[in-house]
Amino acid sequence: MPPEITPPPPPPPLRLKLDEEALTDNWRALAMLSGKARAGAAVKADGYGLGARRVVKALAGAGCADFFVAHWSEAAEIADLVSPASISVLHGPMNVAEAAYGRALGVRAVINTPAQARHWLEAGGGPCDVMVDTGINRIGLTMEALSDPAVRQLQVQVLLSHLASADDESSPLNDVQRQRWEEARRIVAAPRASLANSAGITLGAAYHGELTRPGLALYGGVPCAALAQHIRQVARPQAMLLQVRQIAAGDNIGYNATFTASRAMRVGVISLGYADGYLRSWSGKGMMRSGGADLPVLGRVSMDMTVIDLSAALALEEGDWVDVDYDLPRAAADSGLSQYELLTLLGLRFTR
């Protein structure tokens with residue numbers, strides 16, 4: 001008797017639609033705003049939570065040729081989709097073994113310390129990038145460390161830095177960082193230099209160098225007002241109705257009875273909760289939609305379930321899907337979460 005074959009599990013009652021056309025339109029808009037510079041793409045954190053492989057395929061098809069990830073595992077995930085030499089690993093090699101792995105994979109390490117420079121050289125060297133810290137005081141070489149003997153031996157392809165306040169065009173730190181970045185360009189011989197993230201692109205050509213590195217705006221985020229007219233929504237989460245029920249006036253909903261019905265109501269329970277990245281900050285604030293109808297969240301968001309008001313959508317039944325209102329700028333204002341958090345918190349139970 002042949003062994004029984006266990007069938008695959010049913011799909012989860014959560015799905016995340018990726019609007020590839022909006023994604024590539026956003027990249028083209030950012031590339032146009034980048035002027036003479038090429039626009040790359042930050043695809044770290046699994047393509048900002050949307051699925052790195054699908055994101056990279058779409059962006060490469062649109063003409064993107066530079067991709068930035070944080071970890072070696074993220075580089076390995078996409079290395080078969082594009083030229084590995086087009087992938088930069090932002091956190092760099094913490095030891096010689098990591099440097100050797102990066103060289104074997106064919107990607108570019110981003111060097112952030114003199115020790116990382118030595119690890120890369122000891123593993124055999126080769127093309128790499130360098131990150132200089134011009135004022136965010138996060139990861140990156142200090143200005144003084146750019147003259148370190150090991151750093152001077154590197155075959156630097158792109159000199160990177162990162163703006164701390166690009167979303168505030170009036171911040172004096174932007175110009176300070178730009179000037180330090182330009183000073184770093186005079187010290188480090190590299191064919192390309194990159195400073196601007198999504199918001200930084202709007203600061204003008206002086207911030208562009210030869211390569212810009214948009215991230216959030218690719219995925220529908222609007223980090224500054226100057227981008228609002230150029231960016232389309234990309235991520236569209238949906239949840240299935242698990243149960244539809246009638247409640248009476250005076251009935252409570254959810255943990256700690258934070259919602260009390262003032263009238264008889266038709267409500268639905270959807271398969272969405274804080275374990276999926278729909279955090280408790282949405283309690284009493286979130287909104288689902290169906291066919292133009294607004295379906296407010298009632299009471300407290302649970303781990304796997306949220307209750308919504310179905311008064312405006314009487315035709316909805318168990319097994320039907322509702323759209324999660326996830327326009328990123330508006331959702332950030334409603335929830336108190338950043339647009340980055342809204343994307344990267346979306347859990348693995350979503351079918352992408």
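Hydrogens, waters and symmetry mates play no part in the numbers below; they use all other heavy atoms, side chains included.
With hydrogens and angles ignored, the 3.5 Å screen pairs no side-chain donor or acceptor of Gln157 with any backbone N or O of Pro191.
In terms of hydrophobic clustering, with Ile, Leu, Val, Met, Phe, Trp and Tyr side chains grouped at heavy-atom distances under 4.5 Å, Leu310 and Met305 are assigned to different clusters. Grouping the Ile, Leu, Val, Met, Phe, Trp and Tyr side chains by contacts below 4.5 angstrom, directly or via other members, places Leu121 with Leu159. The hydrophobic cluster containing Tyr326 also contains Val322, counting ILVMFWY residues as joined when their side-chain heavy atoms lie under 4.5 angstrom apart, directly or transitively.
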Apply salt bridge (Lys or Arg N to Asp or Glu O under 4.0 Å) to the pair Glu20 and Arg54, showing each step before the final yes or no. CA-CA 9 Å; Glu20 291 189 12; Arg54 190 171 173 189; 2.6 Å; yes
Apply side-chain contact (heavy atoms from CB on, under 4.5 Å) to Val56 and Val82, showing your working. CA-CA 8 Å; Val56 168; Val82 294; 3.8 Å; yes
Worked verdict on Tyr207 versus Thr202 for side-chain contact (heavy atoms from CB on, under 4.5 Å): CA-CA 9 Å; Tyr207 290 81; Thr202 69; over 6 Å; no
Take Val267 and Arg245, measure what side-chain contact (heavy atoms from CB on, under 4.5 Å) needs, and give me the verdict at the end. CA-CA 6 Å; Val267 302; Arg245 63 193 305 154; 3.5 Å; yes
One pair to check against side-chain contact (heavy atoms from CB on, under 4.5 Å): Arg15 and Phe350. What are the steps and the verdict? CA-CA 5 Å; Arg15 59 194 184 194; Phe350 282 93; 5.6 Å; no
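Residues passing the side chain to side chain contact (heavy atoms under 4.5 Å, CB included) test with Arg180 are Thr134, Met143, Val176, sequence neighbours excluded. Scanning for side chain to side chain donor-acceptor pair (under 3.5 Å) contacts around Trp27 gives an empty result, with sequence neighbours left out. Scored by the side chain to side chain donor-acceptor pair (under 3.5 Å) test, Gln153 finds no partners at all (sequence neighbours excluded).
Cluster note: Met240 groups with Trp321 through ILVMFWY side-chain heavy atoms spaced under 4.5 Å, whether in direct contact or through intervening members. Hydrophobic cluster of Met131: the remaining members, joined at side-chain heavy-atom separations below 4.5 Å, are Phe68, Leu90, Val110, Val158, Leu160, Leu211, listed by chain and number. Val96 shares a hydrophobic cluster with no other residue; no ILVMFWY side chain has heavy atoms under 4.5 Å from its own.
Ion pair Asp66/Arg38 flagged as a salt bridge, since at least one NZ, NE, NH1 or NH2 atom sits closer than 4.0 Å to an Asp/Glu carboxylate oxygen. One finds no salt bridge joining Arg178 and Glu183 here, because no Lys/Arg side-chain nitrogen approaches an Asp/Glu carboxylate oxygen to under 4.0 Å.
Applying the side chain to side chain donor-acceptor pair (under 3.5 Å) definition to pairs two or more places apart or across chains, those involving residues 75-84 are Arg53-Asp80. Residue pairs meeting the ring-ring contact (aromatic ring centres under 6.0 Å, His included) criterion with at least one partner in residues 78-126, sequence neighbours excluded, are His71-His91. Identified under the ring-ring contact (aromatic ring centres under 6.0 Å, His included) test for residues 218-253, with sequence neighbours left out: Tyr48-Tyr219. Within the structure, ring-ring contact (aromatic ring centres under 6.0 Å, His included) pairs that include any residue of residues 182-204 do not occur (at least two apart or interchain). The salt bridge (charged side-chain N to carboxylate O under 4.0 Å, His left out) analysis of residues 303-328, with sequence neighbours excluded, yields the pairs Arg263-Asp309, Arg266-Glu317, Arg289-Asp325, Asp304-Arg349, Asp325-Arg330, Asp327-Arg330. Sequence neighbours left out, the pairs with a member in residues 242-286 that pass ring-ring contact (aromatic ring centres under 6.0 Å, His included) are Tyr278-Trp282.
Taking the side chain as every heavy atom from C-beta outward, Leu298 and Ile308 never approach each other to under 4.5 Å. Arg152 places none of its side-chain heavy atoms less than 4.5 Å from the side chain of Pro149. For the pair Leu343 and Leu216, the minimum side-chain heavy-atom distance is below 4.5 Å. Under the 4.5 Å side-chain criterion, counting only non-hydrogen atoms from C-beta, Thr258 is not in contact with Ser283. The shortest distance between side-chain heavy atoms of Leu18 and Arg236 does not fall below 4.5 Å. Contact annotation: the side chain of Ile231 never approaches that of Leu328 to less than 4.5 Å [non-hydrogen atoms, C-beta and beyond].
Side-chain atoms of Asp129 and Ser88 form a donor-acceptor pair, as typed in the model, at a separation below 3.5 Å. Side chain to side chain, Thr113 and Gln116 fail the donor-acceptor criterion of an N or O pair below 3.5 Å. A side-chain donor-acceptor contact under 3.5 Å links Asn252 and Thr260. With no hydrogens or angles considered, a side-chain donor-acceptor pair links Ser194 and Arg213 at under 3.5 Å. Side-chain contact of Arg232 with Asn26: a donor-acceptor pair under 3.5 Å is absent, judged by distance alone.
Rounding to the nearest 0.5 Å gives a distance of 8.0 Å between CG of Asp334 and NZ of Lys285. Summarising the geometry, atom CG belonging to Leu203 is positioned 12.0 Å from atom OG1 belonging to Thr212; distances are rounded to the nearest 0.5 Å. Rounded to the nearest 0.5 Å, atoms CG (Leu141) and CD1 (Ile111) are 8.0 Å apart.
The two residues Ala164 and Ile136 have their closest heavy-atom pair at CB-CG1, 3.7 Å. A pairwise comparison of heavy atoms in Gly47 and Ala52 identifies N-CB, 3.6 Å as the closest pair.
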